[in-house]
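Note sheet for the following structure.
In what follows, every chain begins at residue 1, and chains take the letters A, B, ... in the order their sequences are listed.
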There are 2 protein chains.
Amino acid sequence: MSVKQFYTGPVTTQASELAQPGAEDLTLADVMHALGDRARLEIVQSLHADGERQCGSFDLGVSKATRSHHFKVLRESGITNTRIDGTARFVSLREGDLEARFPGLLPAILNAATADA
Amino acid sequence: MSVKQFYTGPVTTQASELAQPGAEDLTLADVMHALGDRARLEIVQSLHADGERQCGSFDLGVSKATRSHHFKVLRESGITNTRIDGTARFVSLREGDLEARFPGLLPAILNAATADA
DNA sequence: TTTCATGTTCGATAGGTGTCGAACATACCC
DNA sequence: GGGTATGTTCGACACCTATCGAACATGAAA
């Protein structure tokens, strides 16, 4: 995996979202790789169940630095969207983009995650 | 990911298969992790399309040492089965076991792999 | 038995990954 | 402004991983 750079578009006033890859740019290997981790799998499960959530509301049993790292991996792989509101970041699943790019994949993974517990 | 040890059962005469985890022991994170790699995704795709194949018949553009490594990862994550025949190893997808453990997951991934090309 | 083909394992290497604490950046509130 | 809350980034660390060539193991073929 190499360092990634995403075009964030012309900056007008303030960004309200963090940069993320376009829906067409998602690769299966990246998505699978991002989900090959218990903590991130747990995050995705929660996001699906609860919808948008604040980053800090997740108790993953790791430091906030590590938590921040996991959210970055998910965002850069195209799985999540991060909305900025003040000092808080709200994360949500890009279910529509994922469905458009890889139909049926996320539902199957979410279902499998249930069977995994 | 820690070192794994699988019970191969009582050795009678000669082993005809390499050790692999039981269907119930598969974890989603391990499966996702194993598939978070282009080469291995390609292998899984081919195995699904062609059925059982000899390890050496795959041209992944890597050395045979690396190829052997990828097959080991797939086998230890529970995705493939390896049958021994002389000096050759024949690999196949454990589609039944995967379907039993994570219904619909493999088909969705295979479908996504098509969309990824 | 010698040779060959198919793989695995070893040792090495470069780079990735999860983890942490500490420092930094920001926005909000009093 | 000063303090507080929410996150990100940095530097460090241990470990994992993809990769290779070379050596080894093993079964088949000549």
How long is the span from the CG atom in B/L74 to the CD atom in B/Q20, to the nearest 0.5 Å?
12.0 Å

At what distance, to the nearest 0.5 angstrom, does CD of B/E95 lie from CG of B/N81?
12.0 Å

Are A/P21 and A/R94 close enough that some pair of their side-chain heavy atoms sits under 4.5 Å apart?
yes

Going by heavy atoms in the side chains, are B/H33 and A/D37 under 4.5 Å from each other?
no

In whole angstrom, give the distance that lies between atom [atom1] of [X] and atom [atom2] of [N].
X: A/D59; N: D/dG7; atom1: CG; atom2: P; answer: 13 Å
X: B/I84; N: C/dT8; atom1: CD1; atom2: C1'; answer: 11 Å
X: A/K64; N: C/dG18; atom1: NZ; atom2: C1'; answer: 18 Å
X: B/L74; N: C/dG7; atom1: CG; atom2: P; answer: 15 Å
X: B/L35; N: D/dT17; atom1: CG; atom2: P; answer: 14 Å
X: B/R67; N: C/dA5; atom1: CZ; atom2: C1'; answer: 12 Å
X: A/H33; N: C/dT17; atom1: NE2; atom2: C1'; answer: 7 Å
X: A/H69; N: D/dA14; atom1: NE2; atom2: C1'; answer: 14 Å

Would you say [X] places a side-chain N or O within less than 4.0 Å of OP1 or OP2 belonging to [N]?
X: B/H70; N: D/dT19; answer: yes
X: A/R89; N: D/dT8; answer: yes
X: B/T87; N: D/dG27; answer: no
X: A/T66; N: C/dC20; answer: yes
X: B/Q54; N: C/dG7; answer: yes

If two hydrophobic side chains count as joined below 4.5 Å and joins carry through other members, does A/M32 share a cluster with B/L105?
yes

Scan B/A65 against the nucleic acid and name what it touches under 4.0 Å (heavy atoms): base, sugar-phosphate only, or nothing.
base

With heavy atoms under 4.0 Å as the rule, sort B/R40 into base, sugar-phosphate or nothing.
sugar-phosphate

The side chain of A/V62 lies closest to which of these nucleotides: C/dC20, D/dT9, D/dG7?
C/dC20

